[in-house]
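Structure first, then comments.
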Amino acid sequence: MRLKDKVAIITGAGSGLGKAGALRFAEEGAKVVIADYDSKAGQEVEKEIKEAGGEAFFVEVDVSNWLQVQDMVDKTVKKYETIDILINNAGVTQDSFLVKMSQEQWDTVIDINLKGVFNCTKAVASLMMDKGEGKIINTSSVVGEQGNVGQTNYSATKAGVIGMTKTWAKELGFKGINVNAVAPGYIMTEMVAKVPDKILEKLKSKVPFGKLGEPKDIANAYLYLASSESDYCNGTILDVNGGISL
Ligand code: CAA
């Protein structure tokens, strides 16, 4: 019970890495706010956690919308009185070669992956500053560190997330808040399943283990950075990529 009674908002918790994090956090005793714009998926995760004896609560939110994010925070505080942990996990891809990338593809990915992280962190920061503690974990990516063919928009957001993580580690660290990021490699989720097989095989061959990661690998990294075990980590970018970046 490494997160007993801690209140954790996880954005994008309806599927993929966020869902794995939500299930793991609930097992560890957290009260989990499943924040997602897909209400069907989010409600199913809430149900799954409750059926397993955990505590969870679904909030429908588009993280790129400031008013909806404020509403998410208000609903969380109304239900659980506080917020201890924020996992900025929500993210999308709209892959395309630079010359073919539309304005819409650029804007959508920037709005969700970058502005969404700004919105959610801004919305919880004052509350955590008043408490003098809190854990904020952002989801970056190996492609934010290395770039990737077809991901101008996505890699820009994931590099931006690293910049925000380090800035907030300095700015909010003074107030007792830890801000860190996880940078996943290629993890077997619906997002990665969209990559053409031929390209995925090439990527897999670059991992020393020769295989993709699993959502639980990232959920465990989220757990470490959300627990008291990481109390002296601040501004850390935790690579969980099987060594693809070596
Ligand atoms: N490495 C090498 N060659 C590549 C390549 C890559 N990463 N990406 C594309 N190519 C090559 C293709 O093999 C193809 O070559 P051939 O003509 O010789 O067959 C050529 O470029 C054209 O590719 P497509 O036919 O696929 O062109 P498209 O316009 O239909 O699609 C694309 C372009 C959208 C970039 C597509 O190739 C694609 O989806 N690539 C994968 C992008 C990717 O890696 N996304 C990661 C998603 S997972 C994620 O983002 C999570 C995370 O945090 C890591």
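One-based numbering, in listed order, for ligands and for the atoms of each. Heavy-atom basis, side chains included; hydrogens, waters and symmetry copies ignored. Values in this document were obtained by computation on a predicted structure and should not be read as measured data.
Checked for salt-bridge contact, K75 and D71 meet the test: a charged N lies under 4.0 Å from a carboxylate O. Here K47 does not pair with E44 in a salt bridge; the nearest charged N to carboxylate O distance is not below 4.0 Å. Ion pairing between D36 and K19 fails under the 4.0 Å rule for side-chain N and carboxylate O.
The part of T93 lying near ligand 1 is the side chain, judged by heavy-atom distances below 4.0 Å. Looking at K198 against ligand 1, only its side chain comes within 4.0 Å, counting heavy atoms.
For the 3.5 Å distance criterion, the side chains of Y80 and E55 qualify, holding a donor opposite an acceptor.
Residues T157 and L114 approach most closely at O-CD1, 3.6 Å, considering heavy atoms.
For atom 11 (C) of ligand 1, no protein heavy-atom neighbour is present inside the 4.0 Å cut-off. Protein non-hydrogen atoms do reach within 4.0 Å of atom 52 (C) of ligand 1. For atom 21 (O) of ligand 1, a protein non-hydrogen atom is found at a distance below 4.0 Å. The nearest protein heavy atom to atom 30 (O) of ligand 1 is not closer than 4.0 Å.
The protein atom (non-hydrogen) at minimum distance from atom 33 (C) of ligand 1 is F97 CE1, 3.5 Å.
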